[in-house]
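Just so it is clear, the values below take in all heavy atoms, side chains as well, and ignore hydrogens, waters and symmetry mates. Just so you know, ligand 1 is whichever comes first in the structure, and atom 1 is the first atom listed for that ligand.
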Amino acid sequence: MSDAPDLDALEETARAALAAAGDAAAVEDWRVGWLGRKGRLTGVLRGVRELPAERRPAVGAGANRLKLALQEAHGERLAALREARADEGAAIDVTLPGRQPPQGTLHPITITRRMMERTFRDMGFDVVEGPDVELETYNFDRLRIPADHPAREMWDTIWIADEDAGPRKLLRTHTSPMQIRYLERREPPIRVIVPGTCYRYEAVDATHEWMLSQFEGLVIDEGLSFAHLKGTLESFVQRLFGSEIETRFRCDYFPFVEPGAELAIRWQGDWLEVLGCGMVHREIIEQAGLDSRRYTGFAFGIGVERVAMLRYGVTDIRAFYANDLRFLERFRGSDGSA
Ligand code: DAH
């Protein structure tokens, strides 16, 4: 065998292939293909042995020179690729100051909830929470609202569809069920608030949302009267809206209190209702196993959205849950400190 190989043609092919190798992996493939143990040029060098003796020195020397030339070309190609990568890197200016990603703010209802909670804590109340999915009996029956009672219509209810016919469940329509749950577990003296979300099957408009936040309050002890209720709630709204705020109590009806009342505040010339309240009904105290001649108390329920609307001058309750960032940005920097 053994025609002498055309080293010039080989070199041209090898250099063209190397120039086409666009990244380090392709360059490595090229090196293995040409200069590796089974590479093309290595094959040529091995073949030198089989050439006629007189031709071996010239071809051998030429092939060795080509090997060195290709090794050099290989090193240069790698360096060129490395340099191109570094140029790309230069587009990142590491001396620029860091940029903070956009940060959210506390939601106005969260701010208001925290502020109300802090105010009640300052007044000596404990804070507990109850379940959002509530049993019918706690949400209604044991608050003296039986199934056939017209008062049920005060709360439009979202029922939980349940396959197995256990006790009926619903999304709580108010935080009042925690009055019963708490009385089951604790002895007087009781002074507690229950912040929580409530849900109603409600047509939404500027003053009604189907989801709302409430604070329930429950105070039970010996010898409490309506005067304690008035003093406590007046003190609360003064801490919230300033000591100059005018308040007004009026009769209202809630099945679980007797007497029941609403508290309104004077706001820009109008009376605005801010909460429902009353003396805890005697039957509820007895139901908890307590002597209603010895223990009395009061309860109240406050809508957080209503308080937030007053504090921030928001006229449409839907703004709170519309997720419009321009609205929510207005509360940046607020943390609920009164
Ligand atoms: N649970 C009532 C509601 O959602 C508010 C309420 C009224 C709570 C009077 C009370 C109360 O504790 O005494 O409309």
Side-chain angles (χ1 to χ4, degrees), residues 113 116 120 123 125-132 134-146 149-158 170-183 190-202 207-221 224-234 236-237 247-265 272-285 287-288 292 295-307 317:
R113 248 168 110 147
M116 291 170 70
F120 277 118
M123 294 171 69
F125 282 79
D126 289 331
V127 182
V128 295
E129 290 193 22
D132 289 38
E134 187 51 281
L135 292 169
E136 175 183 25
T137 180
Y138 286 110
N139 197 85
F140 289 129
D141 303 79
R142 295 169 73 179
L143 284 164
R144 305 186 68 256
I145 316 168
H149 198 283
R152 280 228 180 178
E153 280 160 29
M154 290 167 74
W155 294 275
D156 304 292
T157 310
I158 301 174
L170 48 90
L171 291 180
R172 64 175 167 201
T173 61
H174 52 179
T175 41
S176 302
M178 264 307 275
Q179 290 188 31
I180 308 298
R181 286 182 176 275
Y182 201 73
L183 276 168
I190 287 170
R191 186 160 39 173
V192 72
I193 50 157
V194 187
T197 310
C198 310
Y199 311 84
R200 295 183 187 172
Y201 188 65
E202 186 93 70
T207 52
H208 296 86
E209 258 292 355
W210 71 273
M211 188 181 83
L212 55 142
S213 317
Q214 284 191 337
F215 270 68
E216 190 77 15
L218 179 68
V219 182
I220 308 270
D221 204 348
L224 291 179
S225 71
F226 203 87
H228 294 102
L229 176 158
K230 282 186 77 173
T232 304
L233 293 178
E234 275 173 356
F236 172 71
V237 292
T247 54
R248 181 188 74 182
F249 284 89
R250 278 191 164 183
C251 287
D252 202 346
Y253 172 73
F254 300 97
F256 34 92
V257 285
E258 178 59 35
E262 63 149 57
L263 168 59
I265 60 172
L272 276 183
E273 192 198 330
V274 289
L275 59 86
C277 58
M279 300 305 290
V280 176
H281 200 285
R282 191 181 46 78
E283 283 181 19
I284 287 182
I285 295 196
Q287 185 182 269
S292 63
Y295 290 105
T296 51
F298 58 91
F300 51 88
I302 311 172
V304 179
E305 284 78 6
R306 167 54 67 86
V307 171
I317 195 173

Between CG of L263 and CD1 of I302, what distance do you get to the nearest 0.5 Å? 8.5 Å

Applying a heavy-atom distance cut-off of 4.0 Å, which protein residues contact ligand 1? W155, H174, S176, Q179, R200, Q214, E216, F254, F256, V257, G276, C277, G278, A299, F300, G301

Polar side-chain atom of R172 near backbone of C198 as donor-acceptor pair, under 3.5 Å: no

Hey, what do you get for CG (L143) to CD (E283), rounding to the nearest 0.5 Å? 12.0 Å

Donor on one side chain, acceptor on other, D132 and T197, under 3.5 Å: no

Do the charged groups of E134 and R181 touch, with an N to O distance under 4.0 Å? yes

Under the 3.5 angstrom rule, does the side chain of R144 hit a backbone N or O of P255 as a donor-acceptor pair? yes

